[in-house]
*Asks:* 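Sharing a structure here in structure tokens format.
Note: hydrogens, waters and symmetry copies are ignored here, and every other heavy atom, side chains too, is used. Labels below follow one simple rule: chain letters A, B, ... track the order of the sequence lines, proteins then strands, and each chain is numbered from 1.
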Amino acid sequence: MSLDDQELLGEIILESKEHLGRIEPDLLSLEENTQEISADLVNRLFRTMHSIKGGFAFMGLHNISELAHALENVLARLRDGQIKVTPGLVDVLLAGVDKITEMIDNASVSESMSTQEIKEKLAPFAGEHGGGGAEPEVTAIAVESVLEEAPVAQPQPVAVTPVRETVKPPSEGKHSQQPKGGDAVRVKVSTLDRLVNLAAELVFARNQMISALNVKAIEALDRARVMEVVDAAAGEAGRNIISHAVRAGANGAEGRAVFEKAVKRELDSLKRAFTGAVSAPLAETPVVKGAARQVNFVTTELQESIMGTRLQPVGTVFGKLPRIIRDLTRSLGKQINIELHGEEVELDKSIIETLSDPLTHIIRNCGDHGIEAPDVREKAGKPAEGRVRVAAYQEGGQVYIEITDDGRGIDPAAVRRKAVEKGILTPERAGEMTDAEAQALIFAPGFSTAQTVTDVSGRGVGMDVVKTNIESLGGSVELHSVAGEGTRLLLKLPLTMAIIPALVVEAEGRRYAIPQASIDELTRVRGCDISSSIENLGGAPVIRRQGRLLPLVYLAGLFGLRKTFYDPKAGGAREDRRGQLVDRRKRPLDQQNAGESGEDPAAERPRGPDRRKSLANALQIVALKVGAHRFGLIVDTLLDTEEIVVKPLSSYLKKCVCYSGATIMGDGKVTMILDPAGITSFTKMKFEAVDKEFEAAQRAKKHAQMAERQSLLLFKAGGQEVFAINLDLANRVERVSAERIKPVGEKEFLNYADYSMRILRLEEYLPVSRPSERPERFFALIPKLVKNPMGIVASEIVDIIKSDVKIDRDKVKGTGIFGTGVIEGQMVIFLDIYGLFEAAEPEIHAHLAVKGKLAGRRILLAEDTAFFRTVTTKYLEEQGCEVRAVIDGQYAWETLLAGEKFDALLTDINMPRMNGLELTKKIRASGKFPGLPIVTLTSMGLERDKKVGYEAGVDHYELKLDKERLLETLRGIFGKGK
Amino acid sequence: MAPGNLYLSFELNGNLFGIDVLLVREVIHDFEATPVETATDIVRGLINLRGQLVTLLDLGPRIGGGERAPGAAAHCVILKTSTELAAAGRSEFAAGMPEETVGLVVDGIGDVVAPAAESVGPAPANLAGVNEEYVAAVALLEGKLMMLMDVSRALAPE
């Protein structure tokens, strides 16, 4: 086959496919309206087959041409009213169209493809003509038809008729809007691409010119000043010439030569002044201004129309959908009605092409998984016929495609179960997810909710591919589904991919463009906050943003550019030698470096603040999205947002994964476009660790929210200090007037009707300020869980709050003090009631301090609430125990498995990950730790709970913070053992 | 590499090279290339040539030879693409030429020369450290050796 023939064949194939694309909706609308068959419609079908027949016969591809002929025969009989439209007929015709499409797609091997089966199916409808071969005159007609009616080149592909357009009868009028053959020419996509590029360049040149003219224009506005300059120059030149002349006159012939030179010099400078003055206003002349305006206008128009040539109506992809739904309804026995809206909405050709597969998959899903069988629907009180609606609309710079169905929706519980079964999720994680999060799991790789794999949608392509495809177009997918009611998917797509908005950033003096679509947020970390904000996770810097960890990458470091920082002292950039962001100083600057900047190294090196933390060294972090992951790119400067023309990368740069392309900026310089996904693979960024940490943090947060945040009673004791005790430890608070206090020796007692209770003033036992005077009225705080309660004097109850404050045990120390914490910006002293009471009544507590039995015992403590962990640890350590405190049951289990030996386990019951009872059961079931005493600590003392605890294998059941009983129990355990 | 063809001579790493002028679209002298980090060593960067993105290749590291003269002025030979060559009826040159526009960064541009047929011969074994893989032939030019570059080989992506 010659080159020309090849080209011609290409043309014929292209054109036939256009025709075939139109046939399918035509056939479907035929079926919709069997009563009233549109002659026009049948004629068009007939003509299409006819021209396909002719075209391929001409190219010698008789197999295709014969099949077209067979179809043509059937259509001819339909046209002549010899046969009626039946679903069976439409089925066969559709099958024929499928076959012929397949053959055309594989034109080179089409001669060897078998058409026997389809021809046999067609035969009954073809009447006396049977499934025979091409008629003799075919070739002649063919040439004619190719020439006459075939090349209906249509940059605007055909609007697609909805399967069911409720009011209007199908077809009529719809297709008549198409341009006639002669109005259009076929243009190669590559030509369009080139035009698009040229238009973009023109835009760029226009911008440059306009900005240049604007500068000139501004200068010109100051014409008066220019004239002044020229005037002054002329005046000065004149004066100089006169004075030279005077001197020359005095010096005779020699003076004359000097004079001539001087005059020439003066004239030259005058000329320069004039040139400068007159060239500037050039831009101001009406002709130039008008032309510039015109160029500007035309360029914009030109660019828009050229971009427009690449736009195609989404109808080209929508057109395939009714057929898919039709096939589904027939094969699955469902009733589904599909509605299409907004087929005329236009999108860039490349986007349309990529959209086809995802959309097909979504529609299959709707029909297969979404819409229920008719009887199921009726039982659920829905109409037997399901409804799928596909609508496109444009809003702002984006096109939205909305796919809605009124099917069964996505059941979050089923999704959770499947995800766990498939190992995509742990059961815990699944339980914590919201319903919307669970539904979004259908986008997870390897997920499919279909109960059985059907031939309809079980093709190994999942919604994850849909999502990836849409995202690769710079778009996004939103899912909204209500179980039992239906599902709505919203695809957001950019109009075009050729021009995208991008953020231009700078790193070490080099510019880079980042597509806006991949930017999550912008963050600035002040120089002085760097060390507190940036953490280190597995050797890599991370920053916490909205509760999630963001791995950080230095853009300059990524490319091996020299890192510099701004030295406010020296007033210039200098090399940053830190190994890590979090490092304070890696090492002192070496002599050579210091010498270069001309400073005295000894004088400035060891002292002064870390210069990298100055204001000028703030970090600019651009948080980027890569699928579900995020990472932060550290850049030096954020420059601007620009619309950039994306140019593909050279084949010599294929291995440079960090870029998605390059662009030419307004100033004419080339700038690389960064590809976030490429950067993560280039840096081998590990998101697992970050995700794990994030999940743990989320869990902890969730747990903290629902679990025992301790309730604190805040009070003052007369001085400035605010004290806190755990509300669990407070029995009651009483109002007391001073007259009820009776001193007995050094002690004071509060008198009740039949007994008296000792009163304790904090300032006498703790290193705190003394009140200036003793108040007349005050409160007595009476703790519980102590053998001999005493009332603590409080001058003022500040507040009762719930808090998960951390206790710092180092700032303020002393008997009776646990430590300090900061609550709402205020320092609070946590009281140790037991310590305090021991200090107040040393004689009573002396006998209890029998450390012997507990000293040296190794105790494993599992407790998730920081306060209780701290307190219990303190009690045990006071008794000489060695305490290993862990934050949940899982850690405790791992610690035990790691082989550490313990004499007893104290465990809280309610803990994240693994609770105390699960831990107990695990320990007992493993048989690895025989005889390990297990004591549970809980704030609830219900008998029922105890029973469950003992059944699980708990030895003792203690109330939290009842120090004496706990110690008693432990002593009992160890006493027995020895 | 038919004798009688016209060659553009240029200097690279202290040696004299020649390429068939039919392959040359133009020569530029004043350019500012944007470096592409992480690219292979033969990529000097990208330039904007009247709105077209052109990849500048520095064949120095690949071809070898002497040291590049310090401070040597950079010139750039912009080559025709295979499509352009095919369109110009020079399909025999088109094979192996890149489909995109590339430019060769060289140290100096010489004249367009037409070596006499008898002065053109196969590349000798020892070519002053130049990798002879990329030399199709050599020509004697007023006592100087000009290496005729096998451009499609020298431009092959790695």
*Asks:* Please classify the contact between Ile47(B) and chain A as side chain, backbone, both or neither, with a heavy-atom cut-off of under 4.5 Å.
*Replies:*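 Contact with chain A: backbone only.
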
*Asks:* Count the heavy-atom pairs under 4.5 Å between each of Ala662(A), Cys656(A), Cys658(A) and chain B, then report the option with the highest count.
*Replies:*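 Answer, by heavy-atom pair count under 4.5 Å with chain B: Cys656(A).
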
*Asks:* Nearest 0.5 angstrom please: Tyr512(A) OH to Glu37(B) CD, how far?
*Replies:*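 Rounded to the nearest 0.5 Å, the OH-CD separation comes out at 3.0 Å.
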
*Asks:* Less than 4.5 Å to any heavy atom of chain A: does that hold for the side chain of Thr55(B), its backbone, both, or neither?
*Replies:*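 For Thr55(B), side-chain heavy atoms alone lie under 4.5 Å from chain A.
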
*Asks:* For Glu32(B) and Lys669(A), indicate whether the former's side chain and the latter's backbone hold a donor-acceptor pair under 3.5 Å.
*Replies:*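 Such a contact is absent between Glu32(B) side chain and Lys669(A) backbone.
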
*Asks:* Quick one: what part of Val36(B) sits under 4.5 Å from any heavy atom of chain A, side chain, backbone, both or neither?
*Replies:*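 Both backbone and side chain.
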
*Asks:* Which bit of Val102(B) comes within less than 4.5 Å of chain A, counting heavy atoms only: side chain, backbone, both or neither?
*Replies:*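 The side chain, not the backbone.
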
*Asks:* So for atom CD, which belongs to Glu26(B), do other residues, nucleotides or ligands contribute more than 12 heavy atoms lying within a distance under 6.0 Å?
*Replies:*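 Check passes, neighbour count above 12.
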
*Asks:* Are there more than 12 heavy atoms of other residues, nucleotides or ligands under 6.0 Å from atom NZ of Lys144(B)?
*Replies:*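 No.
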
*Asks:* Counting only non-hydrogen atoms closer than 4.5 Å, does Leu155(B) touch chain A with its backbone (N, CA, C, O), its side chain (CB onward), both, or neither?
*Replies:*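 Contact with chain A is through both the backbone and side chain of Leu155(B).
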
*Asks:* Tell me, do Arg510(A) and Pro35(B) make a side-chain contact under 4.5 Å, heavy atoms counted?
*Replies:*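 Yes, at least one pair of side-chain atoms sits under 4.5 Å.
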
*Asks:* Leu53(B) vs Ile664(A), test: side-chain contact (heavy atoms from CB on, under 4.5 Å). Steps then yes/no.
*Replies:* CA-CA 8 Å; Leu53(B) 217 55; Ile664(A) 297 172; 3.9 Å; yes

*Asks:* Rounded to the nearest 0.5 Å, what separates atom CZ in Arg44(B) from atom OH in Tyr652(A)?
*Replies:*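 Going from the CZ atom of Arg44(B) to the OH atom of Tyr652(A) covers 15.5 Å.
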
*Asks:* How many angstroms lie between atom CE of Met672(A) and atom OG1 of Thr34(B), to the nearest 0.5 angstrom?
*Replies:*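 With rounding to 0.5 Å, CE (Met672(A)) is 8.5 Å from OG1 (Thr34(B)).
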
